[in-house]
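Note sheet for the following structure.
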Number of protein chains: 2
Amino acid sequence: MSAVLRAWETVLQSIELDLLSGRLRPGDHLPPERALAAELGVGRSSVREAIRVLEVLGLLRTSSGSGPGAGAIIVALPGGGMSALMRLQVAAHGFPVADVVKTRLVLEASVVTELAEASAQADSTMVATVSLRPNLSTPVQLLDAMESPTLTEAEFLTLDAEFHLALAEASGNQVVTATMAGLRSAIEGYARAGATGLASWAHTSIRLRAEHRAIVAAIEAGDAPAARSLVHDHIAGYYAETHQTHLLAAHHTDASGQPVAR
Amino acid sequence: MSAVLRAWETVLQSIELDLLSGRLRPGDHLPPERALAAELGVGRSSVREAIRVLEVLGLLRTSSGSGPGAGAIIVALPGGGMSALMRLQVAAHGFPVADVVKTRLVLEASVVTELAEASAQADSTMVATVSLRPNLSTPVQLLDAMESPTLTEAEFLTLDAEFHLALAEASGNQVVTATMAGLRSAIEGYARAGATGLASWAHTSIRLRAEHRAIVAAIEAGDAPAARSLVHDHIAGYYAETHQTHLLAAHHTDASGQPVAR
DNA sequence: GGTGGGGTGTGGTCTGACCACATGCTACAG
DNA sequence: CTGTAGCATGTGGTCAGACCACACCCCACC
């Protein structure tokens with residue numbers, strides 16, 4: 001396999017090896033494109049193609065100019081590339097919306113479970129060794145912003161998607177956060193598409209706000225089963241309401257993690 | 001924001017819009033690079049950068065030559081790009097291994113739950129309307145291959161990773177499958193790294209084989225809770241055994257992975 | 001000492017050229 | 001008429017060179 005690596009692939013491979021070996025670390029500068037091209041014996045355009053890939057994947061950022069801050073810098077920001085990937089994958093009809101929703105159910109149930117358990121643990125242990133209590137300030141701020149009555153549907157749903165992403169971030173799991181970030185645009189897409197067919201947006205938005213508050217309350221109370229259940233109903237409910245298909249409720253998996261009811 | 005799109009970004013955007021509008025569908029050919037460049041008023045190198053990105057993301061494949069089969073063809077194979085993304089993300093220390101493992105626990109528990117429930121449903125309904133029974137032939141074939149006593153550790157672990165991916169595929173959820181495919185190389189990486197420190201590989205591999213068989217048996221028996229529990233113990237057990245850290249039980253690692261990059 | 005302007009190095013882009021390859025057609029031989 | 005060898009064509013893959021815009025750095029000048 002991999003008969004002969006194309007020029008840009010050798011560049012990508014070289015950079016990947018440098019990352020793995022530790023020669024390149026987040027924060028470091030990549031050599032200038034021209035230098036890299038000469039060093040690897042390829043054309044500058046091939047170097048650029050590899051750098052472009054890494055940039056879209058969220059592994060580095062580039063900026064023109066001179067001095068520190070310019071050039072290609074390793075950043076490795078999670079979700080940066082996953083977002084582009086998921087968005088394009090959905091655009092190309094690669095992912096059925098139902099699968100996106102089901103994956104949300106699984107991941108978000110896990111997220112709020114972890115958050116609630118961390119919260120409960122922070123309560124039980126008086127010890128102030130490490131602040132285990134999850135930081136929900138960002139999600140709460142988003143909820144406050146969503147109270148504004150002047151929001152359009154699109155604006156509301158954008159904040160909604162940000163709220164769910166913020167919960168994932170608060171859980172601290174970077175892989176889940178990255179995946180959720182990737183799904184975000186897909187989520188916003190189907191949410192917005194479905195919202196146009198709702199009987200009463202005002203009514204629905206009020207319900208969504210209340211559900212969000214309830215989820216946060218359950219987390220802060222350390223009630224993991226409740227948080228899990230609320231999140232499931234929140235996501236599945238909106239999907240069912242906007243897509244007229246009750247398939248999700250049918251099999252009703254309690255998502256991931258531990259069984260809810262024994 | 002988004003002051004001025006760079007040339008290759010306009011190309012990417014144009015293709016994305018064509019995908020969303022249905023002008024481009026999986027199986028279609030992209031216009032030749034030169035034509036696309038002329039059409040969009042950019043240089044061919046910019047078109048190439050956009051195409052390169054789409055190729056790495058698994059949205060199209062390119063081939064030289066002439067006639068049908070050559071050129072850039074939309075494929076939208078799920079997980080194609082996620083694999084590159086995750087691999088590089090891990091290479092750049094973007095994802096802690098613990099988060100990868102925790103995400104596996106969540107996703108795979110969901111996968112086997114769905115499989116087991118589908119299996120149980122297939123049993124209960126005598127009706128042969130649609131064969132709901134999940135197709136486990138690929139996973140089982142992999143298990144058979146893993147019985148070979150001549151396998152090296154690396155070969156065994158490769159098959160192991162493939163087995164878990166095959167389970168995800170069998171579940172039918174494309175988003176989960178894509179994510180697992182992306183995590184696969186990361187999984188193989190930490191599994192292989194940890195295996196070198198094991199007391200007895202022979203002993204461990206025997207246990208892993210047995211656990212795999214038990215998981216499949218639970219799925220086929222339609223016993224979702226058992227399957228979920230077995231998968232959890234299987235993954236967490238190996239991780240604990242090879243990493244000596246029981247951090248998984250006490251989750252929530254505050255992730256402040258933002259690189260300083262300045 | 002402060003300040004302005006040019007020098008310099010960087011990414012961003014375009015152009016043109018060449019190569020390798022796969023195809024398809026055509027002209028020639030049978 | 002048929003089959004095949006070989007050239008024409010169109011494609012991606014790559015390179016080299018050139019120019020631009022930009023941000024920083026340094027030094028001469030005020």
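As the structure is a prediction and not an experimental result, all values here were calculated from the model. Just so it is clear: chains get the letters A, B, ... in the order the sequence lines come, proteins before strands, and each one is counted from 1.
Annotation: the span from A:Ile187 atom CD1 to A:Tyr238 atom OH amounts to 11.5 Å, rounded to 0.5 Å.
Rounded to an integer number of Å, the gap from B:Ile73 CD1 to C:dA22 C1' is 13 Å. Here the P atom of nucleotide C:dG11 and the CZ atom of A:Arg61 are 12 Å apart, to the nearest Å. Regarding A:Ile51, its CD1 atom lies at a distance of 12 Å from the C1' atom of C:dG12, rounded to whole Å. B:His29 places its NE2 atom 12 Å from the C1' atom of D:dG12, with the value rounded to the nearest Å. Rounded to an integer number of Å, the gap from A:Leu36 CG to C:dG9 P is 18 Å. Rounded to a whole Å, the CD atom of B:Glu33 is 17 Å from the P atom of C:dC21. Between B:Glu55 atom CD and D:dT11 atom P there is a gap of 18 Å when expressed in whole angstrom units. When rounded to the nearest whole Å, the span between CG of B:Leu54 and C1' of D:dG12 equals 15 Å.
Between B:Ser46 and the phosphate of C:dC14, there is a side-chain N or O to OP1/OP2 separation shorter than 4.0 Å. When the side-chain nitrogen and oxygen atoms of B:Thr62 are compared with OP1 and OP2 of D:dG13, one or more of them lie within a distance under 4.0 Å.
Here the side chain of B:Glu155 pairs a donor or acceptor atom with the backbone of B:Thr152 at under 3.5 angstrom. Looking at B:Ser46, its side chain never comes within 3.5 Å of a backbone N or O of B:Val42 through a donor-acceptor pair. Here the side chain of B:Asp28 pairs a donor or acceptor atom with the backbone of B:Arg25 at under 3.5 angstrom.
In the interface, the side chain of A:Arg52 is not paired with the base of C:dG11 through any donor and acceptor atom under 3.5 Å apart. Looking at A:Arg48, its side chain has no donor and acceptor atom pair within 3.5 Å of the base of D:dT14. With hydrogens and angles ignored, a donor-acceptor pair closer than 3.5 Å exists between the side chain of A:Arg44 and the base of C:dG12. Looking at A:Arg34, its side chain comes within 3.5 Å of the base of C:dG11 through a donor and an acceptor atom.
If you check every strand for non-hydrogen atoms under 4.0 Å, A:Ala7 touches sugar and phosphate atoms only. In this structure, A:Gly65 reaches the bases: a heavy-atom distance under 4.0 Å links it to at least one base atom across the strands shown.
A donor-acceptor pair shorter than 3.5 Å cannot be found between the side chains of B:Ser171 and B:Asn173.
Sequence order on DNA chain D of the closest nucleotides to A:Arg6 and A:Gly67 puts A:Arg6 first from the 5' end.
Closest approach to the B:Val42 side chain among C:dA22, C:dT10, C:dC14 is made by C:dC14 (side chain taken as heavy atoms from C-beta onward). Out of D:dT14, C:dC14, C:dT13, the shortest distance to the side chain of B:Trp8 is found at C:dT13. Each of C:dG11, C:dC14, D:dC24 was ranked by its minimum atom distance to the side chain of A:Pro68; first place goes to D:dC24.
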